[in-house]
Amino acid sequence: MTEAWRPDEDEQRRRGASGPVRVRVPAKVNLHLGVGPLRRDGYHELNTVYHAISIFDELTARRGDTLSLTMEGEGTGELALDDSNLIIRAAHALAGYAGVLPHARLHLRKQIPLAGGLAGGSADAAAALVACDTLWGTGLSREELAEIAADLGSDVPFLIHGGTALGTGRGEAVSPVLARPTTWHWVVAIADGGLSTPQAYRELDRLREAGSAGPPLGSIDGLLAALRQRDPRVLAAALGNDLQDAALVMRPALAATLKAGEAAGALGGIVSGSGPTCVFLAADAADAERIAVELENAQVCREARVAHGPVLGARVT
Ligand code: C5P
């Protein structure tokens, strides 16, 4: 915590930004999502490689006399904009940490689908921390923001950092993966409706208890070696997700989506996080475009988008 000194509203206005602050934040996929046992705190120990891709939400923060949130795009009308929203919770958490008034008018332009396994809610929380930090002039370090982020959700610290990074603990302990810069080309098959993340973890526990889950992924070394080789075929073979079996039980139709991606020439495909989004690695950008068209024609998803990664985490634009 910082010192107890609290600026009054005039002082806060002088320190902060006068114009609107716009922050862009990416979606994430897990190139390797190794899920360990259930911990006493209700979370699972993770061993994951996060990867930020070029599907973005944008959060604009303006000065206001209260804290308010509006939105447009994906999930409008479905996503609660009250105190339960992660953006509002993030703004309160930052204000509490820095000792400032949580006053802002926030507007979200959403492209990341809700409950899609792409960490859209966590991305928005990360965007809110970065946007309000600039608007209020609180000037926290990325490390301090990541500390607040960890309390908001396991994926939020990664979405502040972006890039490709290792996640341990329950996913909140993030360290960058050092690899020579390579751009990977993805096709992102977005399903109708979402899947519940807690339910997917519970389903995996159930499958494991019944002995019917696939073998756990284990070490991330193969994935890290594949990233260093910079060959999409090698990376495709190393992709893996322990939650995929659970997602397939909850949404059996995803098997057809994965099959269609392969048939369309994707080098590899997995369910993203807890699903139902599926992501496919393509040889190059042109191939990704072609695969996306084929997936849409095959009617195995609501929408197929191309994306590349890695990209930066939440940043003021
Ligand atoms: O951290 P976050 O709030 O995003 O997690 C949502 C839910 O996903 C948790 O309440 C928990 O049920 C499940 N989860 C888990 N193990 C993790 C991360 C999430 O079981 N490492």
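Indexing begins at 1, ligand by ligand and atom by atom, following the structure's order.
- Counting side-chain heavy-atom gaps under 4.5 Å among Ile, Leu, Val, Met, Phe, Trp and Tyr, the cluster of I270 also holds V29, L31, V49, I53, I55, I112, L118, L166, V177, W184, W186, V188, I190, I220, L223, L224, L227, L235, L239, V279, L281.
- Taking the side-chain contact (heavy atoms from CB on, under 4.5 Å) definition, one finds that A127 meets it with V23, V25, L59, sequence neighbours left out.
- With respect to the salt-bridge test (charged N to carboxylate O, under 4.0 angstrom), the residues D242 and R208 qualify.
- Placement of I160 and L140 within a single hydrophobic cluster is found when ILVMFWY residues are connected by side-chain heavy-atom separations under 4.5 Å, directly or transitively.
- Salt-bridge formation is not detected for the pair R202/D205: no Lys NZ or Arg NE/NH1/NH2 atom is positioned less than 4.0 Å from an Asp or Glu carboxylate oxygen.
- Contacts of ligand 1 (protein heavy-atom distance under 4.0 Å) are G42, Y43, H44, L46, G153, S154, R170, T197, P198, Y201.
- Residues satisfying the side-chain contact (heavy atoms from CB on, under 4.5 Å) criterion with N85, sequence neighbours excluded, are L69, L79, L81, I87, I88.
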